[in-house]
Student: 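Submitted below is the structure of interest, expressed as structure tokens.
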Amino acid sequence: MKRSSVKELLHSDKFLQEVHVKGWVRTFRSNRFIALNDGSTINNIQCVVDFENTEEELLKRITTSAAVSITGTLTESQGKGQSVEITVTKLEILGDSNPDEYPIQPKKHSLEFLRENAHLRIRTNTFSAVMRVRSALSFGVHKYFQENGFNYVNTPIITGSDAEGAGEMFHVSNFDTNKAPLNEAGEIDYTQDFFGKETNLTVSGQLEAETYAMALGKVYTFGPTFRAENSNTTRHLAEFWMIEPEVAFNDLDANMDLSEDFIKSVLGYVLENCKDDLAFLDNRLTQEEKTKPQAERSEMGLLEKLNFVANNNFKRVSYTEAFDILRNSKPNKKKKFQFPITEWGVDLQSEHERYLVEKHFKCPVILFDYPAKIKAFYMRLNDDGKTVRAMDVLFPGIGEMVGGSQREERLDVLKAKMADLNIDEEELWWYLDTRKFGTAVHSGFGLGFERLVLFTTGMSNIRDVIPFPRTPQNAEF
Ligand code: 4AD
Ligand code: MG
């Protein structure tokens with residue numbers, strides 16, 4: 001008999017018909033009521049066992065997390081809270097589970113405890129909701145770009161260049177670490193390594209994506225990126241997924257338009273397609289907020305916040321305007337910022353970004369025209385000679401969601417910038433070629449996918465929105 005999903009059955013009105021379903025027992029009450037979940041939806045289907053006519057041995061094996069196969073009749077439920085249930089006619093245990101050893105009990109566990117059981121936490125309502133929303137978000141990402149004429153480009157994961165110039169890279173080598181050959185200068189001789197040169201895991205697919213934008217026009221990447229920065233925060237992962245569109249002939253304004261339209265569209269997609277999971281997460285966040293002191297509580301619920309962002313314009317502000325706002329702000333004057341805002345040119349910290357977004361503008365903000373000194377080498381220099389056409393999209397509760405820029409398309413300016421920063425022209429010869437052969441204005445950005453998932457699900461730690469987080473001192477599973 002054809003197997004249905006729990007989701008299909010919960011929406012079905014084929015009453016009194018025989019149905020077949022497989023899943024895991026969430027709870028088993030009164031030797032009678034199984035709450036069955038198969039991952040297709042946050043909701044369980046109630047399966048009612050005729051315990052008087054079922055062997056006791058079998059009843060004992062119906063325990064939380066056991067895998068079962070059920071055949072029965074779909075009926076209108078008598079109990080409140082569900083519209084349909086299954087009157088079980090045949091029950092088979094597919095996989096037993098020992099309830100005394102199973103770590104995920106039907107009670108509230110701390111997120112820390114669940115992180116230590118990342119292989120099982122997906123069996124909870126919270127994590128299954130988060131990961132279904134994550135899946136829908138990634139589909140929404142592809143949908144947006146595919147419907148808007150972008151080509152999906154798979155840029156390399158192993159590279160020889162440092163796109164961000166920050167030096168926060170994981171080395172890739174197949175040397176035996178204890179016996180790496182040395183050159184005459186006594187340094188590790190990478191010419192003998194697998195690739196014949198020093199290589200690392202990519203921090204961004206941008207430089208390669210730029211070369212593709214110079215032929216395909218509109219491209220995007222969506223893949224894993226790696227950063228060996230020792231940031232133990234709720235916003236940083238050592239392995240995260242980044243979405244990087246790159247568009248020929250787009251200037252910074254068009255780039256800002258694209259980022260805003262893209263984010264709104266993707267949020268709109270999940271609002272439309274993840275109603276049950278978002279309703280659950282909305283409620284979860286409301287409960288969570290109640291445990292916080294009044295002053296720290298968010299003013300908006302999750303759904304309200306998502307709808308607000310999807311339907312309102314982002315505020316666009318130059319770095320210089322933002323700098324003035326921050327310098328004159330109460331927390332700065334009262335020395336409440338850990339990093340005081342004193343001189344023009346300082347890098348903004350997450351406390352400043354969040355002040356702008358959460359306290360001052362109360363909406364997502366796009367900051368642009370940053371000081372050249374604090375941004376990467378490839379950003380286009382403005383005529384003032386001291387700012388670059390950079391943009392960061394800042395989000396409430398998150399800080400930086402997107403970093404992007406109009407790229408420096410002028411060969412001489414780019415070369416001068418690289419010389420300034422001691423970036424070897426020979427290493428990036430292929431990147432410079434794009435500026436020699438038909439160079440053009442172009443722009444792009446990178447959106448940290450987990451930060452988007454964090455915002456969308458209302459979770460508060462980035463480790464809880466990726467299946468198996470990689471952070472300093474942690475690569476279990
Ligand atoms: O601002 P970033 O470093 O920009 C780039 O890498 C550019 N090459 C992107 C481009 O223009 N194509 O990173 C982009 C985004 C950040 O805004 C943030 O959302 C996310 O990537 N991000 C991280 N997310 C999780 N963990 C980390 N360690 C992250 N570092 C950056
Ligand atoms: Mg950035």
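In listed order, ligands and their atoms are each counted from 1.
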Student: Would you check whether Ser204 has a nitrogen or oxygen atom less than 3.5 angstrom from a nitrogen or oxygen atom of ligand 1?
Tutor: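 Yes - when backbone and side-chain N and O of Ser204 are compared with those of ligand 1, one distance drops under 3.5 Å.
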
Student: Heavy atom under 4.0 Å from ligand 1: found in Asp392's side chain, backbone, both, or neither?
Tutor: neither

Student: Identify the closest protein heavy atom to atom 18 (C) of ligand 1: which residue and atom is it, and at what distance?
Tutor: Arg451 NH1, 3.5 Å

Student: Among all the protein's non-hydrogen atoms, which is closest to atom 13 (O) of ligand 1, and how far away is it?
Tutor: Arg227 NH2, 3.7 Å

Student: Quick one, Pro224 and Ile157 - any side-chain contact, counting heavy atoms below 4.5 Å?
Tutor: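 Side-chain contact under 4.5 Å: yes.
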
Student: Please report which non-hydrogen protein atom sits nearest to atom 15 (C) of ligand 1, along with the residue it belongs to and the distance in Å to one decimal place.
Tutor: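 Atom 15 (C) of ligand 1 sits closest to the protein heavy atom Gly446 O, 3.6 Å.
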
Student: For ligand 1, is there an N or O atom under 3.5 Å from any N or O atom of Val203?
Tutor: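 No, there is no polar N/O contact under 3.5 Å.
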
Student: Touching ligand 1 at all, Tyr378? Heavy atoms, strictly under 4.0 Å?
Tutor: yes

Student: Kindly confirm or rule out an N or O of Phe240 lying under 3.5 angstrom from an N or O of ligand 1.
Tutor: no

Student: Tell me which N, O or S atom from Glu400 is the closest to the Mg ion (ligand 2).
Tutor: OE2

Student: Relative to the ring of Tyr370, is the ring of Tyr319 parallel (under 30°), tilted (30 to 60°) or perpendicular (over 60°)?
Tutor: tilted

Student: Pick one: which of Leu252, Asp384, Thr320, Val317 meets side chain to side chain contact (heavy atoms under 4.5 Å, CB included) with Asp369?
Tutor: Leu252

Student: Between the side chains of Ser329 and Asn332, is a donor N or O closer than 3.5 angstrom to an acceptor N or O?
Tutor: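 No pair is found: no donor N or O on one side chain lies under 3.5 Å from an acceptor on the other.
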
Student: Identify, for atom 17 (O) of ligand 1, the protein heavy atom at the shortest distance, and state residue, atom and that distance.
Tutor: Glu400 OE2, 2.6 Å

Student: How close does the nearest protein non-hydrogen atom get to atom 12 (N) of ligand 1, and which residue and atom is it?
Tutor: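 That would be Glu244 OE2, 2.7 Å.
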
Student: So is Glu246 close enough to ligand 1, meaning a heavy atom under 4.0 angstrom away?
Tutor: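 Judged by the 4.0 Å heavy-atom criterion, Glu246 does not count as contacting ligand 1.
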
Student: Between Gln406 and ligand 1, find which residue part has any heavy-atom pair under 4.0 Å and reply side chain, backbone, both or neither.
Tutor: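 It is neither part, as no heavy atom is under 4.0 Å.
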
Student: Using a 4.0 Å heavy-atom cut-off, which part of Met401 comes near ligand 1: side chain, backbone, both, or neither?
Tutor: backbone

Student: Would you say Glu229 and ligand 1 have an N/O pair spaced under 3.5 Å apart?
Tutor: yes

Student: Does Arg327 come within less than 4.0 Å of Asp324, counting only side-chain N to carboxylate O?
Tutor: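 Salt bridge flag = yes for Asp324 with Arg327.
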
Student: Nearest protein heavy-atom contact for atom 26 (N) of ligand 1: which residue, which atom, what distance?
Tutor: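 Looking only at protein heavy atoms, the one closest to atom 26 (N) of ligand 1 is Leu237 N, 3.0 Å.
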
Student: Looking at Val453, is its backbone amide N or carbonyl O close enough to the side chain of Thr457 to form a donor-acceptor pair, meaning the two atoms are under 3.5 Å apart?
Tutor: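 Checked: pair present.
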
Student: Determine whether a donor-acceptor pair (N or O, by modelled atom type, separation under 3.5 Å) exists between the side chain of Thr291 and the backbone of Gln287.
Tutor: no

Student: Under a 4.0 angstrom heavy-atom cut-off, which atoms of ligand 1 come close to Arg235?
Tutor: 25 (C), 26 (N)

Student: Do Gln349 and Tyr355 have side-chain atoms, one donor and one acceptor, less than 3.5 Å apart?
Tutor: no

Student: For atom 20 (C) of ligand 1, grab the closest protein heavy atom and report residue, atom and distance to one decimal in Å.
Tutor: Gly448 CA, 3.6 Å

Student: Answer with yes or no whether the side chains of Arg132 and Ser128 bring together a donor and an acceptor at under 3.5 Å.
Tutor: yes

Student: What is the closest protein heavy atom to atom 11 (O) of ligand 1, and at what distance does it sit?
Tutor: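 The answer is Arg407 NH2, 2.9 Å.
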
Student: Does atom NE2 (His171) have a neighbourhood of more than 12 heavy atoms from anything else shown, all under 6.0 Å?
Tutor: no

Student: Report yes or no: does Arg297 contribute a side-chain atom to a donor-acceptor pair with the main-chain N or O of Lys292 at less than 3.5 Å?
Tutor: yes

Student: Counting the benzene-type ring for Trp, do Phe262 and Phe145 have ring centres under 6.0 Å apart?
Tutor: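 Aromatic pair counts; centres sit under 6.0 Å.
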
Student: Looking only at heavy atoms, is any part of Phe226 under 4.0 Å from ligand 1, and if so is it the side chain, the backbone, or both, or is it neither?
Tutor: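 No part of Phe226 comes within reach of ligand 1.
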
Student: Can you tell if the side chain of Pro467 reaches within under 4.5 Å of the side chain of Phe127, non-hydrogen atoms only?
Tutor: no

Student: Run the contact test for Ser405 against ligand 1 with a 4.0 Å cut-off on heavy atoms, strictly below, and give the result.
Tutor: no

